[in-house]
Each structure stands twice: as C-alpha cells, then as structure tokens.
Amino acid sequence: MASNSSSAQQRLRIIAGHLQKRPEEENASVAAQECKAEAPRSEPSSATPVPRRRQEIMKWNGWGYSDSRFLFNKKGQAEFTGKRYRLSGLILPSLKDWFEGTFGANLQHRSPATPSLNLSAVAPPHLNQPFVEDLKAAGLSVSHDPEDRVFRAHGHCLHEVFALREGRIGRVPDVVVWPSCHNDVEKIVELACKHNVCLIPYGGGTSVSSALECPREETRSIVSLDTSQMNRILWIDEKNLTAHVEAGIIGQDLERQLNERGYCTGHEPDSMEFSSLGGWVATRASGMKKNIYGNIEDLVVHIKMVTPRGVIEKSCLGPRMSTGPDIHHFILGSEGTLGVVTEVTLKIRPVPEYQKYGSVVFPNFQQGVACLREVARQRCAPASIRLMDNEQFQFGHALKPQVSSIFTSFLDGLKKFYITKFKGFDPHHLCVATLLFEGDRGKVLQHEKQVYDIAAKFGGLAAGEDNGQRGYMLTFVIAYLRDLGMDYYVIGESFETSVPWDRVLDLCRNVKERIVRECKERGVQFPPLSTCRVTQTYDAGACVYFYFAFNYRGLSDPVHIYEQVEHAAREEILANGGSLSHHHGVGKLRKEWMKASVSGVGLGMLKSVKEYVDPQNIFGNGNLL
Amino acid sequence: MSADALGAEADGFFDMLEERRRSSDLSYAFRSFNPLPYRGATDISASTLNRMVLESQYLSYVIQEIMLESDEPREMLLEEASALLDEMSQNLQLGFIRLLGYAMNKVFKSVFSSIHVNEDGLTRLQQAIQEYPVILLPNHRSYMDFLVLSYIMFTYDLSIPVIAAGIPLMGMKLIGEIFRRSGAFFIRRAIGSDKLYWAVLSEYVRTIVRTGYAPLEFYIEGLRSRTLKSLTPKLGMLHMVLEPFFKGEVFDISLVPISISYERVLEESLLAHELLGVPKPKETTGALLKARTVLKENYGCMHVFFGNPVSVRDLVKGKINHRQYNLVPRDLPMKPSKEMQEFVSGLAHTIIRLQERNVVLSAWNLMAVVLLQNLQGIDLDLLTQKTLWLRRLAQRFGAHLRWPENVSDSEVMSSSVSLHHSVVRCEGGRVYLVEEEGPGPVTQEEGVFKQAAAVLMCASYRNQAVHVFTRPAMVAVAMTTAASHRTDDIFHNFTFLLELFSNEFVVIPGQAVQDFEEGCSLLQESGVIGRSDEEIYVKDNGQETIIFLRAILQPFIESYQVVFRYLCEESSQTLSEKMFSTNIRSFIMKLLISGEVQSYECLSSDLHKNVLSALLRMDAVTKTKV
C-alpha cells in the first residue's frame with residue numbers, strides 16, 4: 001500500500017490537472033467573449049429589434065426563434081437547429097437515451113403540433129370602432145390581424161402552449177397597438193379611458209403565470225398594448241452610471257447596446273433573450289447575477305408609468321429617499337394592473353474585465369446546500385452560484401454535444417472514473433454547483449479560491465469550467481427542450497419559490513416527493529421527472545427552482561392533471577415555508593393564494609391602490625388581485 | 001379518520017416457528033441479515049445520534065430557558081443533558097440482536113406451539129420501511145411483545161426497530177444492557193415537569209424519526225395492560241413522533257398498528273394478583289431467573305398481525321394548517337395547538353381501534369365470555385353449544401377469529417380447557433373455574449380473594465375479546481334503561497354509557513353517532529333488533545342475545561355502581577387517593593361476603609382507577625394536590 005501511495009498521488013495530480021483547465025490558457029479566450037452568461041446571438045451586429053410581426057421570426061406555438069428547435073433526426077439522434085446558439089447545429093448523442101429512459105417515452109410515439117394557425121378558429125375581433133378610429137387619427141400603429149392577436153393572447157404556461165399546439169384558440173385581444181414612445185402611451189391610455197376599453201400591456205410575452213390570458217368575463221374590447229417598439233436607450237449618464245431606457249427594450253438588446261458603450265446592467269434573467277425591461281419591473285424580476293448587480297428593485301433608480309390617473313414618477317434621481325412608502329414598490333410587481341411602465345432609469349456598470357465559469361461536484365445534495373449556505377453566511381457568493389440536484393446533473397449530461405476527439409471522450413471517462421470510483425461519489429447521489437465569477441482578474445482568482453476552499457470543506461471537488469458553462473446553457477435551452485418533449489407525449493414546466501435556509505432541504509425533498517406521489521395517484525403511467533436546483537442565495541434564504549415533466553400517454557386530459565399536480569406542489573411549497581413566488585409573479589395562476597400570502601389587510605391595501613389609480617379597471621388583465 | 005375506512009384484513013397467516021424448528025438455533029443466529037433500508041436514511045451511528053441531540057438548536061433553546069429560570073450554568077445543564085441521554089439511549093448492535101435471536105429461538109420454540117404472522121402484513125411493512133420513517137405500534141399484553149417483534153423483524157430481514165421501554169427494565173443487571181444493545185431505549189415513568197428530561201427525550205425521539213435511523217417502536221397504550229383490555233392511549237410519545245412530519249422534516253410517516261394476541265399469556269396469574277392489590281414483583285434479573293419455571297409451561301399459539309401502514313399525511317389532509325410553523329424557527333419549543341392535540345388524540349384512538357379490529361381471537365376468548373356468566377360451573381356440552389353460538393355472533397360483529405381447521409368442535413373445546421388448566425378444569429362433564437391451590441381458606445376474606453383471582457384471570461381472556469361486543473352491548477343496555485323505544489332516548493342513554501365507560505373501552509372522541517350506528521347496525525344485521533324511522537325494538541328471537549350482551553357489561557356496571565355507592569355512603573367529603581384504593585377494597589369485600597354484590601370483578605383496582613377518572617372527567621369529583 002505504502003509503495004503505491006506516491007504513484008497514486010502522482011496520478012491524482014495528473015488527473016486533477018485534466019479536471020481543471022489551466023487559467024492562463026483560458027484568459028485570452030474568455031476576455032474576448034462578450035460579458036454574458038451565454039451569448040444568445042452569435043453575431044451581435046446582425047441583430048435587429050423585435051419586429052411588430054413577431055411571428056416572422058418567432059414560433060407562434062412554442063418557445064423562441066422559429067429557426068431554433070430540437071429534433072430527433074433520422075438516425076434518432078437529437079440535434080439543435082439554427083445558428084444562434086452555441087449548441088446550434090450540434091448533435092447531442094446522449095439525449096435520446098436520457099429522454100427515453102427518464103420518461104419512458106419512445107421516438108415511435110409522436111404527438112406533433114398543429115402545423116399552422118387555423119385562422120377560422122380565431123373569433124372575429126370585438127372592435128370598439130370609435131376607439132380604433134381615434135387611435136388611427138392619432139397616428140398610432142394598430143392591427144386586428146388574427147395572427148398578431150393570437151400571438152399576444154398567451155404567455156408560456158404549459159396549458160397555453162399545449163392549447164396552441166392543438167390549435168385551440170380561446171379569447172384573444174381584439175386589437176394590437178404599438179406605441180413608439182411615452183407620449184403614445186399617454187394618448188392610448190387616455191383614449192382607452194374615454195372609450196372604456198380594456199388594456200393589457202404586452203412586453204416580451206414570456207409570462208409563466210397566465211398573466212397575458214384575456215379574462216373570460218371581460219365584455220369590453222380588449223386591446224393588447226405591445227411595448228416592443230419603445231426600445232431605445234434615451235441617454236447614458238457616465239458620471240452617475242445610470243441609463244435611461246424605454247421600457248419595451250428586451251434584455252439582450254439592452255445588454256448588447258450597453259456593451260457597445262462599455263457598460264452593462266448585469267441583469268440577466270433566464271428569459272433575457274425575449275423579456276422586456278417593463279416586464280421585469282412589472283413582475284419584480286430577478287437576474288442570474290443578482291449577487292453582484294442586484295435584482296430589478298435594486299437596479300431601478302427611477303420609473304415612469306402611465307396610469308388612468310396620469311403619470312406617476314419621482315421628482316429626482318436621488319439614490320434613496322425617505323418620502324413615505326416607496327412609490328416604486330406600488331409599481332414593481334403590479335403585473336400590468338395599474339398602468340404601463342414606459343421609461344426606466346437603471347444603474348449601469350462598466351463591463352467586467354474578466355469572467356470565469358466553474359463547477360463543483362458534491363457527494364450529495366445535502367452537502368451542496370450546506371456549502372451554499374456557508375457561502376451565503378460568509379457573503380462571498382460569486383456573480384452566480386447554482387446547485388443542481390442529481391436528476392438535473394444527469395439531465396445536463398444528456399445535453400453534452402458530440403465530442404470531437406477520442407482524446408476528449410477519454411478525458412471525460414477519466415473524470416467520471418476519478419469522481420465515482422476514486423472519490424467514491426455515488427453517481428445517483430452526486431450533484432453539481434455551477435459558478436460564474438466576474439470582476440477584475442486578480443479578484444476573481446482570489447474569490448474563486450475562497451469559494452473552492454469552502455466547497456472542499458463540504459466534500460466538494462472542482463469539476464471544471466465546461467460543466468459550469470453547460471449548466472448555464474441549460475437554462476437558455478430548457479424552454480426549447482419542452483417543445484421537443486411535447487412532440488413525444490412529454491409535458492412539463494418549471495416553477496420557483498424562495499425559502500429560509502433551514503427549510504431548503506426539507507422543501508426540496510417534500511415538493512419533489514409530492515409531485516411523484518400526486519402523479520401516481522392521478523394515474524400518470526410513468527414516474528415523472530421531478531427535479532430542483534437552488535438558483536439564488538440570500539443572507540436569510542435561497543431561491544429554489546423546480547422542473548417537473550411527465551409522459552402523458554394514456555391520459556385523457558393531461559393538462560388538467562398537470563395543473564392539479566402543480567397546484568398540489570404549490571400547496572406543498574407553502575406548507576413548507578416557501579413563498580408564493582420569488583420572481584415569476586402571481587398572474588392569474590397563483591391568485592387564489594394571494595390573500596393567505598399577504599394577509600387580508602395587505603390585499604386590501606393593494607386593492608385600494610388599484611381602485612384609486614384605475615377606477616374603471618382599464619388595466620383589466622385580472623392579475624394579482 | 002374512522003377506523004372502518006381502513007378495513008379488516010383477510011386471513012393469511014403462517015406459523016413462523018415451523019421453519020425454525022427445522023433448522024439449528026446457531027445457524028439461525030448467524031444467518032445473513034440484509035434488510036432493505038429506508039431510502040431517505042442517513043447512515044449514522046448511535047453515538048452520532050446522541051451528539052446530534054446534544055448539539056440540536058432545540059436543546060439549546062430549552063437550556064437557555066432553564067438557565068433563566070434556575071441560574072444553573074449552561075455547562076452544568078449540558079452535562080446533565082448528556083447524562084440523561086446516556087441513561088436513555090439505545091445502542092443497537094447486530095451482534096446482540098443475533099444473541100437475543102438465538103435465545104428467543106430457544107425460548108419461543110419451547111413455550112409456544114406456534115407463532116402465526118400475517119404474511120401480507122410483513123410484505124407491506126417491508127415496503128413501508130423503504131419509503132418513509134416507520135412507527136411500529138403494537139398493543140401491549142406481555143413482556144414478550146417487543147422481544148417477539150424484534151425476533152420477527154430479524155427473521156424476515158426487516159430493519160431492527162429501536163424501542164421505547166420503561167426504565168425498570170434497564171435496572172436489570174446485564175439484561176438491561178442486552179436490551180439496550182438490542183435497540184431498547186429507556187424512558188422514566190414519572191417525568192412530571194422535568195423540563196430538561198422532556199427536552200432530551202423529545203429531541204431524541206424526533207432525531208430518530210427525522211434521520212430515519214431505524215423504525216421506532218412504542219406502546220401507544222403507554223403501559224402493559226393488566227386486564228388485557230385495550231388502554232386509552234397516551235399521547236406524549238405520539239406528539240414527539242409526529243412533530244417531524246408536521247414541521248415538514250419528513251415527507252410522511254407510516255404508522256403500523258400491530259395486534260399481538262396470546263392464546264395464553266405468560267403473566268396471567270401475576271396480572272390477576274396485581275389487580276387485587278398484590279404488588280408486582282420488581283423487575284430484577286434474579287426475579288427473571290426465578291421465572292424460568294414459567295417457561296416450562298405450554299402457552300399455545302400466538303398471533304401477530306401487522307396492520308396496514310397508515311399514512312399520517314393522508315390522515316392529516318385539511319385538518320392541520322402547517323403554515324403555523326412558517327413564522328417561527330422550527331426548533332423553537334412550542335406548545336401543540338388545540339387542533340393538533342385533537343388530531344393526535346383522534347389518531348391515537350384510531351390506532352387502538354385498528355389494533356383491536358385486527359387482533360386474532362381464539363375459541364378460548366369466547367369460552368371465557370360464557371364462563372363468566374356461569375361462575376357456578378357449566379356443563380361442557382352447554383358450554384360448547386353456547387361458545388359456538390357466540391362464535392357466530394362474534395363473526396357477524398366482525399371479530400377476527402381463528403378456529404382450528406379440520407378439528408372437531410369438542411376437540412377445540414377440550415384442548416382449550418387443558419391448555420388453560422390454570423383457569424378452568426373439567427370434572428364429570430362440568431367446567432369450573434380453578435382456584436389457586438394452597439392451605440384451605442382461613443378467613444372468609446381469603447376465600448373471596450381466591451375466587452376473585454380466578455374470576456379476574458378468566459375475565460382477562462374475556463377482555464381480549466370485549467371490544468367486539470362493546471357497542472352492541474351498550475345499545476342493548478341503553479334499550480333496557482331508556483324511557484321509551486324512541487331512537488332519541490336510546491341514543492341519549494347510549495352516549496351516557498359511552499362517556500361513562502370511555503376509560504374502560506376505547507372510543508374515538510367525538511364519534512358517538514358513528515359508534516351508535518355501528519352498534520345498532522350490527523344488531524340489526526344479526527336479526528336482534530328492528531328499526532323504524534324513530535324507534536328501535538327487540539325482535540322476538542333477539543331477546544336472548546340482548547340479555548347475553550347486557551350480561552357482558554354487567555360486571556362493569558355493577559362495579560361502577562358499587563364505587564358510586566361507596567363515595568355516596570361511606571366516604572367523607574375528601575379522601576386521599578391511596579386511602580381510596582384500600583378503603584374501597586375492604587368496602588367491596590364486605591359486600592361480596594354479604595352477597596349484596598355479586599361480581600368479583602368489582603375488586604379490580606383497574607376498575608376503581610377508571611371510575612375515578614370517569615367521575616373526574618364528568619366533574620362529579622375533583623382532585624386536588626395536597
């Protein structure tokens with residue numbers, strides 16, 4: 001044994017060297033990259049703002065760009081089409097096995113979507129003629145084209161997309177209007193009040209709370225107010241590091257344009273390719289890198305919103321004020337019930353010099369959570385730190401692209417051997433934390449060491465930059481993957497919560513278990529995928545994200561079952577001390593729990609604000625209250 | 001959470017001793033033992049478990065509280081807690097399970113003719129153990145209970161449970177230590193208001209459940225039943241066990257009611273003497289060795305029924321608002337809310353009802369019911385006839401009877417009589433109760449005492465089956481005492497009986513209507529009574545059954561009456577509890593001698609205790625501390 005130990009150590013050093021790429025080698029390539037977790041577009045210069053006819057570049061019945069989708073090719077291999085993403089054009093050899101194995105799905109059993117929108121299924125618009133005429137007279141761009149209307153009648157909840165795929169179209173807005181500046185919005189709101197129509201603000205359309213659904217009981221003409229054309233950065237104040245931006249701009253455009261000037265907001269929600277600044281404000285969005293830049297409420301300095309009562313805004317750009325309750329907090333999270341956010345002044349930061357991904361493998365989820373808790377206790381969280389459970393770790397692995405050389409695959413084999421055999425990690429229990437460090441180079445390296453040292457105390461092993469980067473990629477492609485699942489009888493969704501540290505483990509276990517048990521009780525034939533990750537750390541708790549999907553073959557009403565299970569999962573979250581939502585918002589999907597969440601008096605307060613600001617219920621999307 | 005919903009079980013027993021008799025004790029003890037563990041278990045040692053308790057936030061909160069109240073320094077309290085834990089904690093080791101298994105194998109094979117276990121119950125238990133923390137809840141009729149259970153678990157590759165035991169067991173030299181290493185942990189009897197003890201014990205129990213350390217076994221009745229009748233449940237332990245579920249620390253908990261029944265109980269004569277006020281012998285190793293003679297006897301067959309695991313999560317649905325824990329740290333000591341107390345109490349009673357429902361009865365239990373109505377002796381033929389009649393009635397009432405197959409009825413009777421030679425004897429075709437041997441009665445009192453001992457021994461076997469008859473019998477009594485045939489009147493009297501006897505017979509609180517309906521419909525289905533919209537009447541051919549059922553309750557009614565009489569006539573306004581028990585005994589003794597009271601069961605101290613509890617509950621007497 002003794003004679004072996006030195007050679008074992010040497011081998012260990014060599015293997016460890018393979019596991020962790022040398023930083024020197026990486027610097028150049030990383031520095032050349034854009035400051036972004038995953039560059040959504042490969043060629044920034046070719047980007048154009050969101051067109052009015054979104055359906056020209058985006059799917060009408062699924063997630064994202066029309067040219068980007070997962071499919072199983074003739075050989076049964078998964079591939080991702082298009083050119084936009086790092087994964088685009090690549091073959092993913094292990095996805096099929098994972099997919100079939102996890103869900104009991106079969107490539108022979110297809111459940112394809114209706115190929116195109118059946119225009120006759122769309123009810124004719126219920127127009128308020130005088131209103132439309134006044135809009136046109138004011139020179140505003142208006143449409144009642146069925147495709148435009150259908151596109152704005154939904155977010156990306158499972159039931160919404162599922163219905164579209166089946167060609168079922170419910171109540172859709174009667175008119176779409178595109179303001180191009182704050183004044184246009186003022187005009188529209190004024191006319192809406194005058195003619196008593198219902199306005200539903202529409203930003204990026206990425207809602208997952210049924211917030212964009214037209215209320216069934218609404219009898220007035222419904223007007224979708226699409227903010228996408230209000231997308232300019234109006235000014236950048238380099239002395240105070242703020243930018244004044246129109247609220248319709250989408251995340252990727254905002255970041256790219258700021259990057260061109262050497263700045264960023266650092267606000268990167270997973271939906272940032274499509275979601276809008278106004279939408280972030282209206283839902284209290286949270287970004288992946290909030291540990292450095294803060295959540296949306298920390299980022300805004302000034303908000304301008306048009307309400308039926310007029311414009312609400314503060315009188316100066318002071319960084320903090322004591323002037324009674326902060327009126328921004330009536331606006332943040334108002335979910336389109338009070339008015340339209342038109343312009344926002346945001347904090348900006350210089351683009352960081354250096355960015356580095358990382359990952360740590362833990363023997364089990366408990367150890368991983370304990371490590372994140374310690375990182376939070378020491379307040380040394382990197383820009384992003386996320387902990388995936390074992391199921392998600394395996395999911396991530398299924399998305400590994402085909403390796404180009406035998407050498408790489410040999411290295412992968414060695415890594416696996418090292419972790420599972422040499423270190424004794426059980427492949428069915430180990431889990432991975434993905435890390436993103438940002439800042440000036442020296443500090444990043446120092447910071448990195450600090451975090452890895454903490455991780456080591458909890459049995460964590462550094463597992464390389466690739467694993468980290470792939471983890472973040474997962475969040476951008478997961479929504480595309482759902483569409484692939486739906487082609488093969490698999491439906492799913494994600495939902496989130498925030499919870500005090502000491503309850504994180506219990507909540508994760510109980511919610512996952514509840515999902516499994518509910519599926520079984522409701523006759524789902526195959527065990528569901530029920531997985532979670534801790535995506536944000538705070539001083540007093542964490543944000544937890546669940547993915548839940550199952551094979552619905554043999555079920556007559558899969559969406560209903562899905563909804564029942566999600567409902568039960570939310571009940572479980574609440575019973576375990578979790579919040580109703582960390583950043584997705586309430587919409588109509590989670591309204592029933594609002595009173596219990598904020599107390600009767602709390603709800604009354606919000607209602608009385610609504611009554612004062614919008615007595616006619618012009619902003620009648622029916623969210624939240 | 002009605003017990004009915006969970007259903008009675010089909011017969012599917014096998015004799016586990018059969019296989020044991022074919023193999024050697026040693027190879028059995030050294031068999032490979034590979035239980036399928038709880039999938040959520042964290043693999044920890046007994047000492048880690050103790051350390052977790054000592055380092056728990058909960059204990060630190062409690063110590064903080066005690067420090068404020070008592071000025072004792074933290075280190076002292078921690079040391080004290082550590083000592084308590086050392087006294088309390090188990091130290092489960094497979095080696096000792098093997099040792100115990102070896103010994104038990106020898107003993108059980110010699111004292112029992114068979115140990116019947118329901119096979120599907122074992123299968124369900126094996127499944128349950130893997131899924132969630134499991135709590136084993138056996139009824140408690142004999143010292144053998146927990147030994148038999150661990151023996152079964154070891155034999156069938158089920159995780160060995162840790163067992164809450166009374167501290168007197170620990171006091172036995174060597175044996176105490178063997179039990180400790182076989183998974184027993186020891187709880188003091190009178191904990192009272194010792195805050196630190198409660199804290200250590202409850203955190204110990206919670207940690208076992210939370211970590212899925214091992215299945216946890218405890219007697220929900222709290223004590224060994226001296227009367228072999230179910231005792232009303234004790235709630236403290238159940239509260240501790242359930243807390244990790246209520247606080248979301250485990251997804252679910254499976255409660256497994258276990259019904260153990262002995263055709264003949266090892267302690268039968270000790271029990272009767274204890275009830276008559278002869279103190280129970282101290283649990284010492286010496287006494288145990290002396291008791292070896294007991295092991296030379298035959299105790300017939302034994303039944304162990306593992307009930308359906310009950311999911312706490314399913315039962316709690318909608319009854320408890322878990323969010324009450326959301327706004328305070330979960331480790332903070334908190335009094336259980338009212339809704340919680342009610343839930344736990346209802347659950348505990350339900351468990352006992354499930355134990356009763358599944359308990360396997362023998363011909364002997366029914367014979368005892370008949371014998372107690374014929375204390376002067378009964379012709380064997382008549383006894384047979386009545387027992388067979390009662391068998392049909394009991395089966396209609398849902399009793400879980402095991403009647404030997406392929407054996408003539410007369411053989412069943414005679415083998416029962418010979419097995420129970422300590423209770424009955426058959427002479428010239430007549431069956432009599434056996435009185436203890438010894439020098440002829442010197443005084444009248446000694447004579448009464450001997451007769452009472454015989455009756456109480458016989459009564460304990462009736463008690464094993466009494467739950468089958470309580471509800472219909474209470475309806476029968478209520479029908480006799482009610483002012484009219486009106487259902488309302490009868491129900492009124494029924495609820496009175498139910499309340500009065502709720503320390504005597506286990507009833508789920510707040511379910512009087514269901515109990516009444518159950519009693520009535522059993523009688524109706526057996527053709528004993530008829531019902532119209534508003535009335536209940538006895539059918540012509542039902543009179544015999546009604547009388548018989550009333551007679552089952554008669555000893556209880558008479559006992560209660562005589563205690564009332566004593567309290568009204570003899571006692572001054574206040575008396576001490578100790579005085580009460582001695583005075584009442586001599587009061588009843590006199591009445592028995594004079595013939596004013598017939599039932600020897602009136603002498604049972606258990607009854608006296610229950611009467612007092614009932615009167616206290618019904619505000620007829622009050623209790624003050626002196």
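Within every chain, numbering begins at 1; the chains are lettered A, B, ... in the order of the sequence lines, protein sequences first and strands thereafter.
- Residue B:Arg39 places its CZ atom among more than 12 non-hydrogen atoms of other residues, nucleotides or ligands, all under 6.0 Å distant.
- Taking a 6.0 Å sphere around CG of B:Asp314, one finds it holds more than 12 heavy atoms contributed by other residues, nucleotides or ligands.
- Summarising the geometry, atom NE2 belonging to B:His322 is positioned 9.5 Å from atom CG belonging to A:Asn510; distances are rounded to the nearest 0.5 Å.
- For the pair B:Arg330 and A:Asp506, the tightest heavy-atom approach, listed with the atom from each and the gap, is NH1-OD2, 2.9 Å.
- Interface residues of residues 515-535 of chain A toward chain B, defined by a heavy-atom distance below 4.5 Å and sorted by number: A:Arg517.
- In terms of heavy-atom pairs under 4.5 Å with chain A, the best-connected choice from B:Asp252, B:Leu327, B:Asp331, B:Thr42 is B:Asp252.
- When side chains are defined from C-beta on, A:Glu513 does not count as touching B:Glu131, because their heavy atoms never get closer than 4.5 Å.
- Residues of residues 235-251 of chain B placed with any heavy atom under 4.5 Å of a heavy atom in chain A are listed by number as B:Gly248, B:Glu249, B:Val250, B:Phe251.
- Using non-hydrogen atoms only and a strict 4.5 Å limit, no part of residues 597-607 of chain A faces chain B.
- Residues of residues 560-592 of chain A lying under 4.5 angstrom from chain B, judged on non-hydrogen atoms, are A:Glu571, A:Glu572, A:Leu574, A:Ala575, A:Asn576, A:Gly577 by number.
- Remark: the backbone N or O of A:Ala596 is not paired with any side-chain donor or acceptor of B:Arg323 at under 3.5 angstrom.
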